[in-house]
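Written out below as structure tokens is the structure these notes cover.
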Amino acid sequence: MFTTVIGGTASQGLAKKIAKRLKARYLSSELKIFPDGECKITIRGKPKGRVIIVQSTYPPVDSNLIQALALISKTREYSPKTIAVIPYFGYARQDREFLPGEIVTMRVVAKLFKAVGTTRIVIIDAHSKIALRHFTVPVKNISAVPELAKYFRRLQLKNPLVVSPDFGGIARAGEFAKILNTDYIALVKKRDRKTGKVEIKSSDLRNVSERDVIIVDDMISTGNSIIKAAEFLKKQNCGRLFVACTHALLINDAEKKIRRAGVSKIISANTIPSKTSVVDSSEIIVNAIS
Ligand code: R5P
């Protein structure tokens, strides 16, 4: 099937890798921001055949989101089949009404993808199953966890222990640990919904002493969850501390603060391009599309 891959401005590198694997035609897109802040998006060429748009919605979230929607809308003029690959899907954490009156923005965003004519969506490690339920177009949520774990398998680790910073991530930690052929635990994280303050209350206090620890999470934003978990684990006299996550947003000086908390390496997938994004996700995306 003739395929065109379009790289949104947030994901050009990853889009090129996907196009190469699929032996597809690659088209780039360009962004101009007007003085009033509006985005003007241009596709460099005419899409043909099945179209795959690749655009993560990391900060600036709203700008990257409107670009994704505009690209999908435009390509529907040329193709009846437009697959949106949104490796990091922003707004997925706003998947329910935590406090009275809060708008479930994930539901709004899901409606927008339907409205512009998306035929299928592919996401990597979407924040929650609840977030995915808001879509009314077929959505495939794939995981970069095996790829991250394979990276760590190549390192010389001392009796590694895989740790999820919260109970919600226990299955992820289990999947990671299985690939490393080791065990795992989950800490108990409490987040104040008003202030955003994070507290690690207690844990499955299996002995972590002297063991190399890999903290595994779906994403790092401010870094507070990882910092609190790292401080907690250091107090238990753990060995070296590593962090593996799919989406490393690393807002402001999060990376520096995480390192200051004792973490020696942060490894993430290339759903968000950064210094830490050394794990390629193009193969799992291509497998999900094919
Ligand atoms: C929470 O449920 C997520 O899995 C992450 O732990 C969290 O969103 C990371 O945010 P931050 O880095 O700001 O603590």
Side-chain angles (χ1 to χ4, degrees), residues 56-61 64 86-99 102 104-106 109 123-134 141-145 148-149 162-177 184-204 213-234 241-263 265-269 271-272 274-277 279 281:
S56 270
T57 56
Y58 56 83
V61 178
N64 283 332
I86 315 292
Y88 169 68
F89 204 105
Y91 283 110
R93 287 188 293 176
Q94 295 186 49
D95 57 358
R96 64 202 96 163
E97 190 178 332
F98 292 103
L99 297 174
E102 281 181 358
V104 182
T105 310
M106 182 62 202
V109 174
I123 301 174
I124 303 186
D125 291 317
H127 179 67
S128 71
K129 288 208 175 86
I130 295 174
L132 293 170
R133 278 188 222 133
H134 295 299
N141 179 36
I142 56 173
S143 177
V145 169
L148 291 162
V162 179
V163 177
S164 169
D166 55 53
F167 216 76
I170 192 154
R172 187 183 303 119
E175 190 187 355
F176 198 103
Y184 62 98
I185 59 169
L187 305 177
V188 177
K189 181 174 94 177
K190 293 262 179 278
R191 190 189 285 274
D192 185 309
R193 287 277 159 212
K194 283 198 177 120
T195 62
K197 212 174 146 220
V198 170
E199 209 183 326
I200 299 290
K201 288 264 192 198
S202 64
S203 83
D204 165 1
V213 169
I214 309 159
I215 307 174
V216 181
D217 211 345
D218 60 331
M219 61 185 287
I220 306 173
S221 179
T222 62
N224 285 340
S225 305
I226 297 293
I227 291 165
K228 292 288 173 198
E231 288 169 353
F232 182 87
L233 292 159
K234 276 281 167 203
L241 262 176
F242 301 92
V243 170
C245 77
T246 304
H247 314 294
L249 290 166
L250 295 168
I251 303 301
N252 299 328
D253 53 354
E255 191 185 345
K256 219 193 256 170
K257 289 196 285 190
I258 292 170
R259 290 194 188 282
R260 237 186 272 140
V263 172
K265 212 181 192 60
I266 307 168
I267 296 297
S268 64
T271 56
I272 298 172
S274 79
K275 273 196 283 174
T276 67
S277 59
V279 171
S281 58

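The structure displayed is predicted, hence computed values, not measured ones. In each ligand, atom 1 is the first atom listed, and ligand 1 is the first ligand listed.
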Considering heavy atoms of the protein only, find what lies nearest to [atom] and give residue, atom and distance to 0.1 Å.
atom	result
atom 3 (C) of ligand 1	Asp218 OD1, 3.4 Å
atom 8 (O) of ligand 1	Arg93 NH1, 2.8 Å
atom 7 (C) of ligand 1	Arg191 NH2, 3.7 Å
atom 9 (C) of ligand 1	Met219 O, 3.6 Å
atom 13 (O) of ligand 1	Thr222 OG1, 2.5 Å
atom 2 (O) of ligand 1	His127 CE1, 3.2 Å
atom 6 (O) of ligand 1	Asp217 OD2, 2.5 Å
atom 14 (O) of ligand 1	Ser225 OG, 2.6 Å

Exercise for review: Compute the shortest N/O to N/O distance between Gly223 and ligand 1 and return yes if it is under 3.5 Å, no if not.
Suggested key: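 In this structure, Gly223 places an N or O atom under 3.5 Å from an N or O of ligand 1.
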Exercise for review: Check each heavy atom of Lys257 against ligand 1 and say whether those closer than 4.0 Å belong to the side chain, the backbone, both or neither.
Suggested key: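 Contact part for Lys257 vs ligand 1: neither.
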Review point. Do Lys189 and Asp166 meet the salt-bridge criterion of a basic N to acidic O distance under 4.0 Å?
Key: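 Salt bridge flag = yes for Lys189 with Asp166.
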**Study point:** Short N-O contact, Glu255 and Lys275, less than 4.0 angstrom
**Key:**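 A salt bridge is present here (some side-chain N lies under 4.0 Å from a carboxylate O).
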Check your understanding: Can you tell which of Lys257, Arg259, Arg260 makes a side-chain contact (heavy atoms from CB on, under 4.5 Å) with Ile227?
Key ->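 Going through the options one by one, the only one that passes is Lys257.
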Check your understanding: Could you walk me through whether Asp95 and Lys129 pass the salt bridge (Lys or Arg N to Asp or Glu O under 4.0 Å) check?
Key -> CA-CA 9 Å; Asp95 57 358; Lys129 288 208 175 86; over 6 Å; no
**Study point:** For Ile220, atoms of ligand 1 separated by under 4.0 Å from a heavy atom
**Key:**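 Taking each heavy atom of Ile220 in turn, ligand 1 has 12 (O) under 4.0 Å.
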Practice item. List the steps and the verdict of side-chain contact (heavy atoms from CB on, under 4.5 Å) for Leu250 and Ile258. Key: CA-CA 9 Å; Leu250 295 168; Ile258 292 170; 4.0 Å; yes
Review point. Considering all heavy atoms of both residues, which atom of Tyr91 and which atom of Met106 are nearest to each other, and what is their separation?
Key: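 Nearest pair, atom of Tyr91 first, then Met106: O-CB, 3.5 Å.
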**Study point:** Gly168 touching ligand 1 at heavy-atom level, < 4.0 angstrom
**Key:**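 It does not; every heavy atom stays at 4.0 Å or beyond.
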Check your understanding: Considering only heavy atoms from C-beta outward, does the side chain of Arg133 approach that of Ser128 to under 4.5 Å?
Key ->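 Arg133 does not reach Ser128 side chain to side chain.
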Exercise for review: Report the residue from Asp218, Asp125, Thr271 that forms a side-chain hydrogen bond (donor to acceptor under 3.5 Å, both in side chains) with Thr246.
Suggested key: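 The residue from Asp218, Asp125, Thr271 that satisfies side-chain hydrogen bond (donor to acceptor under 3.5 Å, both in side chains) with Thr246 turns out to be Asp125.
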